[in-house]
Amino acid sequence: MERLLITVCGRAGSKGFKNKNLKTFCGHPLVYYSLSAAELFAKNHPELHIDFALNTDSPELAELVKAQYPEVVFLPRGEELGGDKVPKMAVYQDSLRRMEEQTGDHYDYLMDLDITSPLRTAADIENAFAKKQGRADLDLVFSVCEARRNPWFNMVKTVGDHVEQVNKSEFTGRQQAPEVFDVNASIYVFKRDFLAENTDGMLWRGKIGVSVMMDTGIIDIDSEHDYRLMEAIAAHLYENYPDFDAVRRNIRG
């Protein structure tokens with residue numbers, strides 16, 4: 001039986017949006033959306049041994065999760081991993097190491113679900129995991145959205161006192177340019193050994209695959225404006241897309 005560790009990670013406080021991991025979103029704690037989607041995924045995979053862990057330095061977030069999801073293992077985050085400049089890879093590695101010490105066994109994969117991406121379906125998780133599970137050559141699969149701009153066609157960079165194309169090209173239509181994606185940070189699925197052996201916190205050292213999600217379902221929640229906009233988008237998705245509403249309806253409490 002393959003073993004999967006699903007993590008949810010969140011720091012106490014936030015410079016951009018204070019205590020964003022403790023926010024209530026559309027009537028439920030923000031973190032519950034990730035846990036609900038993970039639960040729906042787990043129910044569809046009895047052939048996997050799945051453990052859940054919360055890595056945080058926020059006692060309030062730990063209590064919030066424990067109140068409705070007591071099976072999630074709380075991993076108190078040390079001060080050395082609490083800064084906003086600490087690479088998330090280091091937090092994933094910490095979670096993997098400590099859970100393997102607790103369980104006495106190695107995992108095959110680690111999947112991380114970002115707390116600030118509440119509009120994620122069980123199918124999104126399924127697609128990302130299936131991509132990694134079916135491709136032994138990939139070290140990592142992460143979720144992306146189709147980009148609305150392309151650096152070979154309609155994006156510019158500042159060069160001195162003017163702007164130039166980000167990537168020089170002679171393309172006259174976006175369809176001619178290479179396909180590009182926005183990395184939305186919602187889902188990461190790591191091969192265990194690639195994660196455990198990484199030494200510099202850089203995702204790009206491995207061979208990477210992507211899993212495409214709906215672009216309007218993901219906005220980085222870094223401000224009150226982002227938060228309110230995401231709630232407005234959520235109202236539309238819950239009304240018109242059953243897969244999104246299924247995650248909300250599955251939330252405990």
Side-chain angles (χ1 to χ4, degrees), residues 1-10 21-56 61-62 64-75 92 95 99 107-135 140-145 184-190 209-219 221 230-231 233-253:
M1 176 178 285
E2 290 191 308
R3 293 170 54 83
L4 167 65
L5 174 61
I6 298 180
T7 61
V8 176
C9 305
N21 291 325
L22 299 176
K23 293 292 183 182
T24 296
F25 182 82
C26 294
H28 299 285
L30 187 63
V31 67
Y32 286 7
Y33 290 84
S34 293
L35 296 172
S36 174
E39 181 181 44
L40 289 173
F41 168 80
K43 287 178 179 177
N44 289 329
H45 287 278
E47 80 284 2
L48 296 174
H49 177 96
I50 302 177
D51 291 325
F52 303 89
L54 169 70
N55 190 311
T56 185
L61 182 59
L64 194 61
V65 170
K66 182 181 178 181
Q68 294 296 336
Y69 295 87
E71 71 274 24
V72 177
V73 178
F74 172 38
L75 301 175
Y92 302 152
S95 301
M99 286 298 291
Y107 292 95
D108 297 287
Y109 313 97
L110 179 143
M111 175 193 296
D112 184 74
L113 304 178
D114 191 87
I115 293 176
T116 58
S117 297
L119 300 180
R120 175 203 300 111
T121 68
D124 290 327
I125 300 175
E126 178 69 47
N127 293 338
F129 182 75
K131 183 72 167 285
K132 175 63 205 85
Q133 189 181 42
R135 289 281 304 275
L140 164 66
V141 169
F142 53 57
S143 58
V144 298
C145 298
N184 65 23
S186 179
I187 306 169
Y188 291 91
V189 187
F190 290 91
V210 299
S211 181
V212 182
M213 295 173 58
M214 181 185 291
D215 63 341
T216 52
I218 295 292
I219 296 174
I221 300 180
M230 186 76 98
E231 283 198 313
I233 292 172
H236 167 73
L237 294 178
Y238 293 148
E239 183 177 351
N240 295 282
Y241 293 86
D243 284 355
F244 286 96
D245 196 42
V247 173
R248 180 179 62 165
R249 288 187 285 105
N250 186 61
I251 291 174
R252 300 178 193 173

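What's counted below: heavy atoms across the whole structure, side chains too, no hydrogens, waters or symmetry copies. Remember, it's a predicted structure, so these values are computed and weren't measured experimentally.
In this structure, Glu47 places its CD atom where more than 12 heavy-atom neighbours from other residues, nucleotides or ligands lie under 6.0 Å away.
Under the rule for a salt bridge (charged side-chain N to carboxylate O under 4.0 Å, His left out), Asp108 has no partner lying at least two apart in sequence or in another chain.
Between Asp124 and Ile187, the closest side-chain pair of non-hydrogen atoms falls below 4.5 Å. Counting only heavy atoms from C-beta outward, the side chains of Ile6 and Leu113 approach each other to under 4.5 Å. Residues Lys132 and Tyr109 have side chains in contact (heavy-atom distance under 4.5 Å, counting atoms from C-beta outward). At least one side-chain heavy atom of Phe142 sits under 4.5 Å from a side-chain heavy atom of Val210. When side chains are defined from C-beta on, Asp112 does not count as touching Val8, because their heavy atoms never get closer than 4.5 Å. Contact check for Val144 versus Met213: no side-chain heavy atoms found under the 4.5 Å cut-off. The closest side-chain heavy-atom distance from Ile115 to Leu61 is below 4.5 Å. Between Asp243 and Met214, the closest side-chain pair of non-hydrogen atoms is not below 4.5 Å.
Rounded to the nearest 0.5 Å, atoms OH (Tyr107) and CD1 (Ile50) are 11.0 Å apart. In this structure, CD on Glu126 lies 13.5 Å from NZ on Lys131, to the nearest 0.5 angstrom. Separation of atoms CG (Leu40) and NZ (Lys43) is listed at 6.0 Å; rounding is to 0.5 Å.
For the residue pair Asn184 / Ser186, no side-chain donor-acceptor distance below 3.5 Å is found, with atom types taken as modelled. Side chains of Ser95 and Asn55: a donor-acceptor N/O pair is present below 3.5 angstrom, by distance only.
Counting only distance, with no hydrogens or angles, the side chain of Thr56 and the backbone of Gly10 share a donor-acceptor pair below 3.5 Å.
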Quiz item: Between Leu237 and Leu119, is a side chain to side chain contact (heavy atoms under 4.5 Å, CB included) present by the stated rule, with each step listed?
Solution: CA-CA 9 Å; Leu237 294 178; Leu119 300 180; 3.7 Å; yes

Exercise. Decide yes or no on side chain to side chain contact (heavy atoms under 4.5 Å, CB included) for Thr7 and Met111, but give the supporting numbers first.
Key: CA-CA 6 Å; Thr7 61; Met111 175 193 296; over 6 Å; no

Quiz prompt | Criterion side chain to side chain contact (heavy atoms under 4.5 Å, CB included) on Leu110 and Tyr188, from CA distance to verdict | solution = CA-CA 8 Å; Leu110 179 143; Tyr188 291 91; over 6 Å; no

Exercise. List the steps and the verdict of ring pair (Phe, Tyr, Trp, His ring centres under 6.0 Å) for Phe52 and Tyr69.
Key: CA-CA 10 Å; Phe52 303 89; Tyr69 295 87; 8.7 Å; no

Quiz item: Would Arg3 and Asp51 satisfy side chain to side chain contact (heavy atoms under 4.5 Å, CB included), going step by step from the backbone distance to the final call?
Solution: CA-CA 8 Å; Arg3 293 170 54 83; Asp51 291 325; 3.9 Å; yes

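For residues 25-38, the set of pairs meeting the side chain to side chain donor-acceptor pair (under 3.5 Å) definition, not counting sequence neighbours, comprises Ser34-Arg120, Ser36-Asn250.
Between Arg252 and Glu71 a salt bridge is recorded (basic side-chain N to carboxylate O distance below 4.0 Å).
The two residues Cys26 and Glu231 come nearest to each other via the heavy atoms N-OE2, 2.8 Å. Scanning both residues, Asp114 and Ala185, for their nearest heavy atoms gives CB-O, 3.1 Å. What you find for Val247 and Ala122 is that their closest heavy atoms are CG2-N, 4.1 Å. Among all heavy-atom pairs drawn from Ala62 and Leu54, the shortest one is CA-CD2, 3.7 Å.
Between Tyr241 and Phe244, the two ring planes are perpendicular [angle over 60°; tilted spans 30° to 60°].
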